[in-house]
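Structure first, then comments.
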Amino acid sequence: MLYGPDEGDPRLRKNVAAWLTSFYQPETEISDARIAITGGASQNLACLLQVFTDPVYTRNVWIVSPSYMLAFRIFDDSGFHKKQRAVPEDDEGIDIEFLRREIRKSEEKAVNEGNDAPHIKPPRPWGKAYRHIIYAVPTFSNPSFKTMSLRRREELVRVAREYDALIITDDVYDFLQWPSNPKATNLSSDKAILPRVVDVDRFLDGGAEREGADGFGNAVSNGSFSKICGPGLRTGWAEGTEKLAYGVSQTGSSRSGGAPSQLTATFVAETLETGELQHFVFNTLQPTYGRRYQKIMTAINKELVPLGVVLPQTDRDVVGGYFIWLTLPEPLRGAVVAQRAKESENLIVAHGEIFEVPGDTEFAHFERGLRICFAWEDEKILAEGIERLASVVRSFQNGEGGAGSGEMKPGEQEAVKDFW
Ligand SMILES: Cc1ncc(COP(=O)(O)O)c(C=O)c1O
């Protein structure tokens, strides 16, 4: 019950490092020093911004979009309200050419404005101000359900190195994976399908700590026990270069209070040491969520696809996470469908516009998007949920939706943004 070390409970750091090494199988093992224990991915995103950005010098936060909407306020809180930029995805994940082009423009603007040194934050040996932040959920993304290809991960690291960007990835769904094939009987697998962006940065072209580089690297992985153990634990970890992991542990609030989640970190350390947590993930969560996924996908293919609903990345062998992203056929609008689903079918789905980056929707707008969650409800009622959603879609298509089938009525526009 005392204050703990800034970097977090040593036993949890050691056990996390060993588990990540066995799951991601990097070329060389992950050292404890690459791990800092956090208060979860959200809390640590705030800490990373505190130590590694300057609200003036850091030009932009580039957010792969549609995006995890609760991250927006974390960027706002660090002074990036007007600097959030959306980066669209294609079928392979992030649109790298778009990102490169827009970063270049942002750099030209900074040069014209003479923005060439950190303005607000003092220099500190454990931190630095990156010129850009890139935020992504590369594997089984919330909300887009997509997985970024290895090729894109490599390109992303190269762009980040070229423009002094820190890529922050929420790798919170990676462990929740299973085969997409509905006939697959073994839904359990204890090896990751792809290296994380932080793994790519660690080894690509001489690695993050190559000669001439400053040693902080260009990627950090935000891990969390929220989805694999329990969100109330408020415990997670960050992995990056040893210099970066130490740097984030030096956030003022950790320096004063010790690592957040000190008490619960010791509980989690125990479950990893006994193997109980790994057993739970591979033998309970993966098969349970895998079955729910297969039930809901069977229903989607039967009920929604014939109505013109489209899914992303349908050719993957391995899928996972909590969510599936649907694109409705024209002219249906997600917000209107979600509202009617709630009112007439007592069915909750999240509509695409809540995942748009505030103030930057020109190239990434999702008015036909819907995010559905298969992780929460019992597998027995998932098919019925999809049947109810299909009946809502059909009601619009049959002209029962009032003017324009899915057009917004006056007053509904405001409701859209308040939905969540
Ligand atoms: C992409 C993403 N990041 C972060 C979180 C929150 O993680 P934590 O509970 O570790 O703060 C979630 C939870 O929904 C999420 O989907």
Side-chain angles (χ1 to χ4, degrees), residues 8 12 16 20 35-50 61-78 84 86-87 89 93-94 133-148 166-177 196-198 219-239 248 251 253-254 259-262 264-265 267-268 277 281 285 289 293 312 319-325 348-350 352 354-357 366 369 371-377 419-420:
L12 183 56
V16 164
L20 297 179
I35 307 292
I37 302 306
T38 70
S42 318
Q43 184 264 355
N44 193 54
L45 177 56
C47 291
L48 287 165
L49 297 172
Q50 284 168 12
V61 175
W62 303 93
I63 306 174
V64 179
S65 189
S67 352
Y68 173 55
M69 68 294 189
L70 298 178
F72 302 143
R73 193 182 298 181
I74 305 175
F75 296 123
D76 285 3
D77 285 349
S78 282
Q84 298 182 78
V87 184
E89 292 181 302
I94 184 169
I133 294 291
I134 300 167
Y135 172 74
V137 186
T139 302
F140 316 136
S141 178
N142 175 10
S144 80
F145 177 46
K146 286 182 183 168
T147 295
M148 192 190 293
L166 177 64
I167 309 161
I168 302 175
T169 57
D170 281 358
D171 297 319
V172 301
Y173 297 104
D174 293 24
F175 287 101
L176 303 177
Q177 57 171 10
R196 293 162 300 174
V197 176
V198 78
V220 54
S221 169
N222 244 340
S224 176
F225 292 103
S226 288
K227 316 289 166 181
I228 53 177
C229 201
L233 289 164
R234 304 314 307 134
T235 305
W237 68 91
E239 187 192 331
V248 76
T251 309
S253 55
S254 299
S261 71
Q262 171 65 10
T264 48
F267 306 163
V268 181
L277 181 57
V281 169
L285 291 185
Y289 289 151
Y293 169 83
V319 291
Y322 274 13
F323 305 106
I324 297 175
W325 182 262
I348 306 283
V349 292
I354 61 178
F355 306 101
E356 293 176 353
V357 173
F366 307 102
R371 186 195 72 173
I372 54 173
C373 175
F374 56 84
W376 183 256
E377 299 290 351
F419 181 84
W420 212 232

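Numbering of ligands and ligand atoms starts at 1, following listing order. The first residue in the sequence is number 1, and the count goes up from there.
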Identity and separation of the nearest protein heavy atom to atom 1 (C) of ligand 1: Val137 CG2, 3.6 Å
Could you verify whether a donor N or O on one side chain and an acceptor N or O on the other, from Ser65 and Glu356, lie under 3.5 Å apart? no
Test your reading of the structure: does Ala41 have an N or O sitting under 3.5 Å from an N or O of ligand 1? yes
the protein heavy atom lying closest to atom 4 (C) of ligand 1 turns out to be Asp170 OD2, 3.4 Å
Please tell me whether Thr235 and Thr264 have a donor and an acceptor in their side chains that are separated by less than 3.5 angstrom. yes
Set out, in order, the CA-CA distance, both residues' side-chain angles and the distance that settles side chain to side chain donor-acceptor pair (under 3.5 Å) for Ser78 and Gln50, then state yes or no. CA-CA 7 Å; Ser78 282; Gln50 284 168 12; 5.7 Å; no
Ligand-side contact atoms (ligand 1) for residue partner Ser224, heavy atom cut-off under 4.0 Å: 8 (P), 10 (O)
For the residue pair Gln84 / Asp76, report whether a side-chain donor-acceptor contact shorter than 3.5 Å exists. yes
Quick check on the 6.0 Å ring-centre criterion: do Phe145 and Phe323 meet it? no
Around atom 13 (C) of ligand 1, find the nearest protein heavy atom and jot down its residue, atom name and distance. Lys227 NZ, 2.5 Å
Between Phe140 and Tyr322 (judged by ring centroids, cut-off 6.0 Å), do the two rings come close enough to count as a pair? no
Which residue and non-hydrogen atom of the protein lie closest to atom 16 (O) of ligand 1, and at what distance in Å? Tyr173 OH, 2.6 Å
Assess the pair Tyr289 and Trp376: is the distance between their ring centroids shorter than 6.0 Å? no
Would you mind running through ligand 1 and noting each atom that sits below 4.0 Å from a heavy atom of Asn142? 14 (O), 15 (C), 16 (O)
Which of the atoms of ligand 1 are close to Gly40, meaning less than 4.0 Å from one of its heavy atoms? 10 (O), 11 (O)
Is there a polar contact, in the sense of an N or O pair closer than 3.5 Å, between Arg234 and ligand 1? yes
Just wondering, do Leu277 and Phe225 contact through their side chains at under 4.5 Å, heavy atoms? yes
What residue and atom, counting heavy atoms only, is the protein's closest point to atom 9 (O) of ligand 1, and at what distance? Ser226 OG, 2.6 Å
Can you report which non-hydrogen protein atom sits closest to atom 11 (O) of ligand 1, along with the distance? Ser42 OG, 2.5 Å
